[in-house]
Amino acid sequence: MSSPTFDFSEVDDLYQEIILDHYRSPRNQKEIPESDMDVTGINPFCGDEVHMRIKLSGESISAVSFSGNGCSISQASASMLSDIIKGKSLDEANNLYVDFRDMMHGNDLNEDSMDNLGQAEALSGVKKFPIRIKCALLAWSALGDAVKKHKSE
Amino acid sequence: MSSPTFDFSEVDDLYQEIILDHYRSPRNQKEIPESDMDVTGINPFCGDEVHMRIKLSGESISAVSFSGNGCSISQASASMLSDIIKGKSLDEANNLYVDFRDMMHGNDLNEDSMDNLGQAEALSGVKKFPIRIKCALLAWSALGDAVKKHKSE
Amino acid sequence: MLDVNHIRKDFPILSRTIYGKPLVYLDNAATSQKPTSVIQSLVDYYESYNSNIHRGVHTLSMEATDRHEDARSKCTRFIGAKEDKSLIMVRNTTEAINLVAQTWGKHNISAGDEILTTHMEHHSNLVPWQKLAEQNGASLQFIELDEDGMLNLSNIDDLITERTKLLALTHMSNVLGTINPVKELTAVAHKMGAKVLIDGAQSVPHMKVDVTDLDCDFFAFSGHKMLAPTGIGVLYVKPEILESMEPFLFGGDMVSQVWDDTATWNDLPWKFEAGTPNIADLIGLGAAIDYLESLGMDQVREHEMALTGYALEQFDRLNDIKVFGPKDLSKRGGVISFHSDDVHPHDMGTMLDREGIAIRTGHHCAMPLTRKLSVVATARASFYIYNTEEEVDKLTAAIRATLDYFAK
Amino acid sequence: MLDVNHIRKDFPILSRTIYGKPLVYLDNAATSQKPTSVIQSLVDYYESYNSNIHRGVHTLSMEATDRHEDARSKCTRFIGAKEDKSLIMVRNTTEAINLVAQTWGKHNISAGDEILTTHMEHHSNLVPWQKLAEQNGASLQFIELDEDGMLNLSNIDDLITERTKLLALTHMSNVLGTINPVKELTAVAHKMGAKVLIDGAQSVPHMKVDVTDLDCDFFAFSGHKMLAPTGIGVLYVKPEILESMEPFLFGGDMVSQVWDDTATWNDLPWKFEAGTPNIADLIGLGAAIDYLESLGMDQVREHEMALTGYALEQFDRLNDIKVFGPKDLSKRGGVISFHSDDVHPHDMGTMLDREGIAIRTGHHCAMPLTRKLSVVATARASFYIYNTEEEVDKLTAAIRATLDYFAK
Ligand SMILES: Cc1ncc(COP(=O)(O)O)c(C=O)c1O
Ligand SMILES: Cc1ncc(COP(=O)(O)O)c(C=O)c1O
């Protein structure tokens, strides 16, 4: 069998080092004992799952824990999210979700928004792999839903 | 509007005079008061119906009445059948059904069988109109079923 | 005005001959013919991106999923619905109505309740309600017809009461052509707290329909009567009702999580779409909608009104032929059922077939209506975008010749 | 031996490229590709004899009816059934199983009864029984799997008891490839008075099946996994059981006579086919059967066994990859599910897609099984008549490269 050569250069945009790092060593795994908001995202078609527990002090997020199961993109994305939202208000968290969604849908973000996304900016490479956008969004839209629900209660 | 000319010559095989006569003046319409066998044939797809009441003396058919609703072929065929089976034994009636079915399916009949079918031979023209074969068979197969049922009781 | 000559070139089957005569296809209420673009959409699918959908990470699966969901969106827009998740893909109108009966109906219609329907329904919008009424101890009520085959609404306030849980009626009759005032009736029904199901099998192919404007709760139609392939149909359900409905069929794709003894359901609309869907034919329905939209539904309706008007005039000259349905063209579609005491419809059909003219004969899956018309069966000619006045002339001439033949 | 090079020419999609690489389609257990003859059968139908069936007297309707019922007969022969009226046309395997659950099951499974199934079922052969059990107060029992992914039948006599009313199991697992001893199990179940439903979605496309020989009571399969179009599937029911079953969907075509409040049913099999059927796609299924018969199902099976054997050898050389399912080729079909601790199946799928290789990843609609395998998801390559050893080499090389990429 002649050994074929593979050109995975396009894939490098998807699997950036920082993403694989979050996948291999997800952050905030230590479950917080009491939570004010539970966030669950499931993709019924592929089985990926993310769960976040959020502790609030007032309207701001004081602690987050994250657990989940799934592909590198869904898990890295959730791990990044769990890092970013710490210390943010619920409104800010929701704005982050909106910005991130916009980025995934190919819209240009202003510099402030980009800054706020921090490491999650690395996920912009997922855009080129449309079928994986859902993976990247899983945790973020679950958070968006949870914030909406929390506010309406 | 220019008047088109129609070539209905092929259709003449289907609508022979004797068939139209049975259609317009179906035989054995007077309902017999008491019957030993009730025969019902319905074509669910087109709605044609035939009903026959049969009086037996021993194993032989002593009286028949027929009513129905449907196209010329189904009704003429049933009318003819109601004429032919009078005086026949149930076995003979069933043989008639088998012969008639064979004729409709394009099989050649021997002369005796042809003779027994009498006027119903005129229906052999239906063969060329495959979609109407069911119409011609409606009463006959209902009779076949009824004989089978009667014998098994 | 439709450019019918141009349109006819898009339909390969129209160049076919029957017994040496050009096909005159007037059986459109049963099913329509298909333009090349629809046929080609199937070929494209199978030749270049056929794949199972939703669960695949590979390119074909993504393309198929996108095109499948795009086609759903086309349906959403076409009938004026607001959200894709309101549209459930089924095999045909019949399955759509059964779905409503066996999910919403089963849980919302109870002993003593009434289901109101009409005497002009297709069996598909009658027998499921008979069954539901029997199962749940409810009863069926009927809106009667007047002489012209229109709904007799004089006693509608007696018919729609607080016992009425559902009004199930056809938008357009497949026998009489009658177009019912469904929007007005929906408003009346809603006032009494009843839900409304509209059978749109005959309306969606032939006129602009806007379910949001109609404000109906359920709306069903079939692809095959509107240029699309066989095997695909659509059920629209108002979002707030759909949210509360139990699934219909259980299995792959409609679940979220499954354990040994229990399962949770997927999001809408997939919760109602179990197993591998009819992917190609939904994409074909999308292509059919593209085609109809390129003509414009108002143009379609206008063409059919004109043709129906012309045909009714021609039929008028055929003495010995009774034509059913409304005389007012604005109240009817392009379906003309007719009857002769001298020639059974079945025989009429055979004679016309010899001339290449395809009409339908029988009870048209509406036996209670056929009985009301005091006939065993009728013959029916029904029009679509590719039919012409010349074809109507052929039809009426052939009917005339048939009447003469049987009078010989 | 199949002439695979020749076969490949019959499948237009195989000349497609993905990211510049030739398509290597290894997602056959999800759906198969279609040969030109099947695609052409649809084109022929729509271009020359498209019509609604059963109720028409015109030529097109007769032709369409004949070809539709011919295709049913082909299915009958293909699975060794005795009578056409034993075969009910549905959308897919999922609908077939739901039909059994909601008609036969609803009336024959009572409180305290048991439904026996296995831990390797597709959701479509599990969730309908969960629902039925819940509705009727019955319970589900499971046949466990052994290490190799085969049924553990050591305690089968404890599992099939007089409480067992139904054994519902798959003929071939879509995840493990396991071919179950369905004939033997049917005999055991029958001895205890239980009926048997076999999910043939993965067997009928890949091996000779004879339902009469198996003696099963219900048998379901999908056209789209066996070269046929999407949207058509088949339910076989033993004649004597079918006779006693209540209809599933109500409406046009499945009735004999209809009055305002009640109706009588049509003859079999039409009693179970409500509304306009998926005419074209059943005809397409007939063309698919013609194609498979021209190859010979024994040849198909032989080709897939050889290819699977070759693939398993190649996988063996990939350390870090766990392969599920039986090792004995005679006990498995051409489905290979595999797992790496280092690369999630989803990521594996994306990497392989870049090389033009289409595999499926996820829970394959078999979550309880996936859980038993102690993984969240697997990657699955599945073969059919057009796959080659060269493609297997491409697959294993790409897996190797992916493992290396993620280890970087
Ligand atoms: C074993 C098995 N059963 C059932 C199904 C369901 O088939 P369908 O989606 O065609 O209903 C599948 C296919 O996904 C299968 O592999
Ligand atoms: C008014 C009406 N409703 C329902 C149907 C049933 O449609 P389908 O056979 O596509 O389910 C038809 C068509 O036959 C119809 O004309």
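The structure presented is a predicted model; accordingly, all values stated were derived computationally and were not measured. Here is how names work: the chains are called A, B, and so on, in the same order as the sequence lines, proteins then strands, and each is numbered from 1.
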Query raised in the report: Any idea which heavy atoms bring A/P44 and C/S256 closest together, and the distance?
Result: CB-CA, 3.7 Å
Requested in this report: Determine whether more than 12 heavy atoms belonging to other residues, nucleotides or ligands lie under 6.0 Å from atom CG of A/D108.
Outcome: no
Requested in this report: Check the surroundings of atom NZ in A/K151: do more than 12 heavy atoms from other residues, nucleotides or ligands lie under 6.0 Å from it?
Outcome: yes
Query raised in the report: Which pairs, with at least one residue in residues 233-244 of chain C and sequence neighbours excluded, count as a salt bridge (charged side-chain N to carboxylate O under 4.0 Å, His left out)?
Result: C/K85-C/E243, C/D215-C/K238, C/D217-C/K238
Query - C/H58 versus A/I131, closest heavy-atom pair with distance - result: O-CD1, 4.3 Å
Query raised in the report: Going by residue number, which parts of residues 259-276 of chain C are within reach of chain A, meaning a heavy-atom gap below 4.5 Å?
Result: C/N266, C/W270
